[in-house]
Structures are given as C-alpha cells and as structure tokens.
Amino acid sequence: MNEAIPVLRTTDHGTVKLMPDVDRERAWLLTVDGAPQSYVDLDEPTHLEFEYARRLGHVLDVVAEPGWALDVVHLGGGALTLPRYVAATRPGSRQDVVELDGGLLDLVTEQLPLPAGSGIALHAADARAWLEGAPDDSADVLVGDVFGGSRIPAHLTTLAYARTAERVLRPGGVYVANLADGAPFGFLRSQLANFAAVFEELTLIAEPGVLRGRRFGNAVLVAAHRQTDIAALSRRAAADAFPARVEHGSAVREFIGSARPVEDADAVPSPVPPDGAFGIG
C-alpha cells in the first residue's frame with residue numbers, strides 16, 4: 001500500500017497544504033497559509049477532530065430529530081468536514097457549500113473525494129454575494145465558518161449580513177457560526193449584537209477559560225427564532241474532551257452589554273489571533 005504524502009498547492013488565496021495523519025489511515029489535516037483549517041477522516045466522516053467543529057456538530061445534531069434530512073448551507077468550505085458529517089448523520093440532506101477559493105475546492109475534491117450521492121453542491125463564490133442571491137426561506141440551517149487565513153472577513157461581520165442570513169433561513173431555521181475572539185470581546189459582543197437585532201434566541205458555546213477572558217479562542221454562536229434544545233446541547237458540550245459552557249437568555253444579553261450592531265461602513269475583520277492561539281491538533 002502506498003504511503004500517503006503531503007500535498008501542497010498555491011491558489012489565488014494562499015498556500016494550501018493537505019497533510020496525512022500518521023495515526024488514522026485515511027485522515028487529513030488541511031492548512032491554509034499555515035493556519036489549521038479542517039480535519040477530515042474519509043473512513044469515519046462523523047469524526048470531528050477540532051473542538052469548534054465538534055461544537056458545530058452538536059448544534060447540527062440537536063436542531064432536528066436524529067436522522068431527519070435537512071437543507072443546509074455552509075459558508076466556508078475547507079475540507080468539507082461538516083458537509084460530510086451531515087451527509088453521514090442526516091442522509092438525504094441537500095447541502096450547498098460556498099467557498100471563495102475555487103482552487104481549494106478543486107484540491108479537496110481531487111484528493112479527498114466526496115462519496116457518490118452525497119447531495120453536496122459546491123459553489124466557488126463569495127459567501128455574502130452568494131447568500132444575497134439565495135432564495136427566501138430556502139435553508140433549514142446556515143453554517144458560517146469563513147476565515148481568510150485566521151480572520152473572518154469584514155463583510156461577514158455586519159447587521160446587513162445577519163439580516164440576509166435570516167431571510168434565507170426558513171422560519172424555524174437555525175444560524176450557527178464559528179467565531180474567534182479574546183477579552184475584552186469587542187468583536188464577539190458586536191457579532192452577538194448583530195444577531196440579537198434579528199433573532200429572538202441566541203446561544204453561545206465556548207470553553208470557560210475563553211468566556212472568562214483567560215485566553216483567545218473559538219466561540220460558537222447559535223441564532224434562531226425558536227429556543228435551541230439547551231439541555232441536549234449542554235450535555236454534548238460538557239462531555240467533550242475540552243468541555244464547553246452553553247450560555248443563553250439573560251446570560252447572553254449581559255455578555256452583549258452595550259455593544260451595538262455593526263453597519264457595513266464600520267465593519268472590520270475579526271481580530272488577529274495571538275501567536276500559538278490555534279495550534280495544530
């Protein structure tokens with residue numbers, strides 16, 4: 001059997017590298033300009049290696065009855081980890097993946113092909129532009145996981161973007177996003193303020209050390225017009241190797257504090273992570 005070797009490619013948006021995992025036979029780590037972006041196990045698509053991906057997966061697990069097919073839009077493609085997860089856990093789901101870097105999509109589908117009949121459609125496009133062209137009430141779940149390198153682009157951090165997401169979601173739909181920030185949380189608070197202006201129910205999932213401001217890290221935002229199953233979500237988040245807290249209701253409102261929604265003219269990308277904030281593993 002041939003030993004897997006790393007694959008390197010330069011695209012219009014950076015240097016993309018796929019590295020085999022020595023511990024798992026058909027598992028790969030994707031980095032873009034050295035920043036870890038995705039991890040995928042072709043033999044076990046339900047294996048979510050990164051903590052933030054597991055938390056996004058927990059949300060995808062509790063938004064509907066187990067096994068029910070959903071219409072899901074993923075903004076940000078990476079190695080297609082979460083689309084593969086949904087295809088495995090919710091067979092028959094229709095999924096659209098929007099990824100700006102067409103060269104990245106080409107590399108991933110060449111080296112890590114999607115299974116036949118996956119129901120996953122790929123779009124090489126800007127996430128917000130694609131979303132603005134999407135029909136009203138067309139998605140059950142919208143996943144936001146767009147990073148240019150290690151920062152979320154400015155045009156995906158605004159109130160107008162949140163309103164577009166709400167328009168595309170069905171009335172019972174759920175928006176879930178991977179965000180990153182550290183104390184004093186100016187960026188994270190502003191993102192919560194954006195979605196609080198559009199959705200009635202907000203939930204925040206993060207490790208206690210991040211929420212207490214001890215370190216920079218990921219936080220998962222869930223926004224909907226209906227209450228998320230907090231008990232089920234909390235059980236899953238608490239059982240992870242790195243347990244997370246699930247905050248909702250008044251705790252989220254208190255966290256937002258006096259933060260205001262972000263207008264397009266004032267938008268900035270998410271903060272630059274400190275060195276070592278996102279290690280590989």
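Values below: every heavy atom of this structure, side chains too, minus hydrogens, waters and symmetry copies.
Minimum heavy-atom separation, Ala121 to His123: O-CD2, 3.7 Å. Summarising the geometry of Leu82 relative to Leu60, their closest heavy-atom pair is CD2-CD1, 4.0 Å, with the distance given to 0.1 Å. When all heavy atoms of Ser150 and Pro273 are compared, the pair lying nearest together is OG-CD, 3.4 Å. Pro153 and Phe147 get closest at one heavy-atom pair: CD-CA, 4.4 Å. Ala87 and Ile120 get closest at one heavy-atom pair: CB-CD1, 4.4 Å. Listed here is the closest heavy atom pair of Tyr161 and Gly144: OH-CA, 4.5 Å.
Remark: Arg9 engages Glu110 in a salt bridge, criterion side-chain N to carboxylate O under 4.0 Å. At a threshold of 4.0 Å, the pair Arg24-Glu49 does not count as salt-bridged, since none of the basic side-chain nitrogens sits closer than that to a carboxylate oxygen.
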The test is side chain to side chain contact (heavy atoms under 4.5 Å, CB included); show your working for Asn178 and Ile152 and say whether it passes. CA-CA 9 Å; Asn178 175 35; Ile152 300 169; over 6 Å; no
Applying side chain to side chain donor-acceptor pair (under 3.5 Å) to Ser234 and Arg245, what does each step give before you reach the verdict? CA-CA 7 Å; Ser234 297; Arg245 275 210 331 252; over 6 Å; no
After noting the C-alpha distance and the side-chain angles of Arg215 and Glu207, does the key distance pass the salt bridge (charged side-chain N to carboxylate O under 4.0 Å, His left out) rule? CA-CA 10 Å; Arg215 63 180 184 82; Glu207 286 179 40; 2.5 Å; yes
Does the side chain to side chain contact (heavy atoms under 4.5 Å, CB included) test come out yes or no for Arg226 and Glu200, once each step is laid out? CA-CA 7 Å; Arg226 59 182 173 89; Glu200 287 87 351; over 6 Å; no
Side chain to side chain donor-acceptor pair (under 3.5 Å) between Gln95 and His74, worked out: CA-CA 7 Å; Gln95 301 187 78; His74 302 263; 2.6 Å; yes
Run Asp33 and His13 through side chain to side chain donor-acceptor pair (under 3.5 Å) and show every step you take. CA-CA 9 Å; Asp33 292 335; His13 299 278; over 6 Å; no
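Checked options Arg128, Glu263, Arg163, Gln191; the residue passing with Thr158 is Arg128 (criterion: side-chain contact (heavy atoms from CB on, under 4.5 Å)).
A distance of 6.5 Å separates OG in Ser138 from CZ in Arg170, rounded to the nearest 0.5 Å. Taking CG from Leu75 and CH2 from Trp130, the interatomic distance works out to 7.5 Å, rounded to the nearest 0.5 Å. With rounding to the nearest 0.5 angstrom, the CD1 atom of Ile256 is 9.5 Å from the CG atom of Asn194. In this structure, CG in Asp106 is found 10.0 Å from OG1 in Thr11, a value given to the nearest 0.5 Å. Atom CG of Leu179 and atom OG of Ser270 lie 8.5 Å apart (nearest 0.5 Å). Distance check: Leu42 CG to Gln111 CD gives 10.5 Å after rounding to the nearest 0.5 Å.
Both Leu48 and Ile205 are members of a single hydrophobic cluster when ILVMFWY side chains are connected at heavy-atom separations under 4.5 Å. Hydrophobic clustering keeps Val97 apart from Leu169 (ILVMFWY residues linked when any side-chain heavy atoms are closer than 4.5 Å, directly or through intermediates). No continuous path of ILVMFWY side-chain contacts below 4.5 Å connects Leu114 to Val72, so the two sit in separate hydrophobic clusters. Follow the hydrophobic side-chain contacts under 4.5 Å out from Val146 and you reach Leu188 in the same cluster.
Using a 4.5 Å heavy-atom threshold, the side chains of Asp181 and Val210 count as separate. Looking at heavy atoms from C-beta onward, Val98 lies out of side-chain contact with Leu131 at the 4.5 angstrom threshold. Taking 4.5 Å as the limit, every side-chain heavy atom of Thr157 sits out of range of all side-chain heavy atoms of Val268. Within the 4.5 Å cutoff, side-chain heavy atoms of Lys17 are placed close to those of Pro6. Gln37 has its side chain out of reach of Leu104: every pair of non-hydrogen atoms, C-beta onward, lies at least 4.5 Å apart. In this structure, Val73 and Val141 have side chains that are not in contact, with every pair of non-hydrogen atoms separated by 4.5 Å or more. Put simply, the side chain of Val198 does not reach to within 4.5 Å of the side chain of Tyr175, judged on heavy atoms. With a 4.5 Å cut-off on side-chain heavy atoms, His58 and Val62 do not count as touching.
Side-chain atoms of Asp126 and His155 form a donor-acceptor pair, as typed in the model, at a separation below 3.5 Å.
Asp12 CG: 12 or fewer foreign heavy atoms inside a 6.0 Å radius. Sparse packing is recorded around CZ of Arg94, with 12 or fewer heavy atoms of other residues, nucleotides or ligands lying under 6.0 Å away.
With sequence neighbours left out, the side chain to side chain contact (heavy atoms under 4.5 Å, CB included) criterion links Ala239 to no other residue.
Ring planes of Phe199 and His225: tilted class, angle from 30 to 60°. Ring geometry, Tyr39 versus Phe50: the interplanar angle falls from 30° to 60°, so the pair is classed tilted.
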